[in-house]
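Structure, as structure tokens:
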Amino acid sequence: MEDLDKEQLAMLRKVFDSFDHNKKGSIPSSMVRTIFIVMGHRVDDRMLRAIIAEVDADGSGELEFSEFVTLAAQFLVEEDAEEMQNELKEAFRLYDKEGNGYITTSVLREILHELDDKLTPDDLDGIIAEIDEDGSGTIDFDEFMEMMTGE
């Protein structure tokens with residue numbers, strides 16, 4: 001698939017799976033904006049429509065993993081891992097206002113909703129359930145890092 005290494009494919013699989021709530025092997029194209037935001041990329045509406053139209057050749061409104069990889073590969077850029085971790089730590093600190101070392105799932109829900117106001121409560125529940133694997137109601141930096149990088 002494209003010219004991606006194993007780590008990039010694994011990261012994309014993790015991102016894809018976290019948005020494939022029904023585990024049906026495809027995600028609605030409406031989730032693509034949120035995925036790009038989570039991956040640190042901003043795309044305007046016109047660009048997003050053009051990209052989706054290009055990879056969703058059958059016009060199903062659903063993206064299978066291979067279509068998702070084709071789409072995401074256009075935006076993957078190699079970043080220094082340490083630099084990325086530092087950027088994510090800074091972002092995490094902004095939301096961990098109390099300095100507790102975690103953010104609550106309600107804060108994460110607000111962040112995700114802010115990033116993409118088209119997400120339904122069910123979408124948000126599914127994303128949060130995937131991220132808060134231990135069901136603690138809080139997201140620590142490691143869980144946040146995993147959400148953002150798929151590692």
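The residues of the chain are indexed from 1 along the displayed sequence. Below, each value reflects all heavy atoms present in this structure, side chains not excepted, and no hydrogens, waters or symmetry copies.
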In plain terms, say whether Glu7 and Lys14 are close enough for a salt bridge, that is, a side-chain N and a carboxylate O under 4.0 Å apart.
no
Tell me whether Asp132 contacts the main-chain N or O of Ile139 through its side chain, where contact means a donor paired with an acceptor under 3.5 Å.
no
Side-chain donor/acceptor of Asn22 to backbone N/O of Lys24, under 3.5 Å
no
Does the Asp20 side chain pair with the main chain of Gly25, one donor and one acceptor, at a distance under 3.5 Å?
yes
With rounding to the nearest 0.5 Å, note down the distance linking OG1 in Thr104 to CD in Glu98.
10.0 Å
For the residue pair Asp122 / Thr120, report whether a side-chain donor-acceptor contact shorter than 3.5 Å exists.
no
Cluster check Phe68, Leu48: I/L/V/M/F/W/Y, side chain < 4.5 angstrom:
yes
Answer yes when Lys23 and Asp17 have at least one side-chain N-carboxylate O distance shorter than 4.0 Å, and no when they do not.
no
Just wondering, do Thr138 and Asn100 contact through their side chains at under 4.5 Å, heavy atoms?
no
Close side-chain approach of Ile111 and Ile103, heavy atoms under 4.5 Å
yes
Point-to-point distance, once rounded to the nearest 0.5 Å, from OG of Ser60 to CD of Glu67:
6.0 Å
Can you list the steps and then say if Thr34 with Lys118 is a side-chain contact (heavy atoms from CB on, under 4.5 Å)?
CA-CA 9 Å; Thr34 305; Lys118 293 176 181 70; over 6 Å; no
If Ile, Leu, Val, Met, Phe, Trp and Tyr residues are connected whenever their side-chain heavy atoms lie under 4.5 Å apart, and connections chain through other members, are Leu12 and Ile51 in the same group?
yes
Assign the ring pair Phe141 / Phe92 to parallel, tilted or perpendicular, where the plane angle (0 to 90°) is split at 30° and 60°.
perpendicular
Decide yes or no for Gln8 and Arg13: does some side-chain heavy atom of the first lie under 4.5 Å from some side-chain heavy atom of the second?
no
Leu63 with Phe19, same ILVMFWY side-chain cluster at under 4.5 Å
yes
Are more than 12 heavy atoms from other residues, nucleotides or ligands located less than 6.0 Å from atom CZ of Phe16?
yes
Heavy-atom donor-acceptor pair, Asp140 side chain to Asp142 backbone, under 3.5 Å
yes
Calculate, to the nearest 0.5 Å, the distance between atoms CD1 and OG belonging to Ile128 and Ser106 respectively.
8.0 Å
Hphob cluster co-occupancy, Ile131 + Met11, side-chain heavy atoms under 4.5 angstrom:
yes
Apply side-chain contact (heavy atoms from CB on, under 4.5 Å) to residues Ile127 and Met31 and explain how you reach the verdict.
CA-CA 11 Å; Ile127 294 167; Met31 297 295 283; 4.2 Å; yes
Got more than 12 heavy atoms from elsewhere within 6.0 Å of OH, Tyr95?
no
Distance col, row Ile52:CD1 vs Met47:CE, nearest 0.5 angstrom, shows 11.5 Å
Given Arg109 and Asp125, is the salt bridge (charged side-chain N to carboxylate O under 4.0 Å, His left out) satisfied, shown in steps?
CA-CA 8 Å; Arg109 178 180 294 276; Asp125 290 344; 2.4 Å; yes
Could you verify whether a donor N or O on one side chain and an acceptor N or O on the other, from Ser26 and Glu62, lie under 3.5 Å apart?
yes
Given side chains that start at C-beta, do those of Val32 and Arg49 come closer than 4.5 Å, heavy atoms only?
no
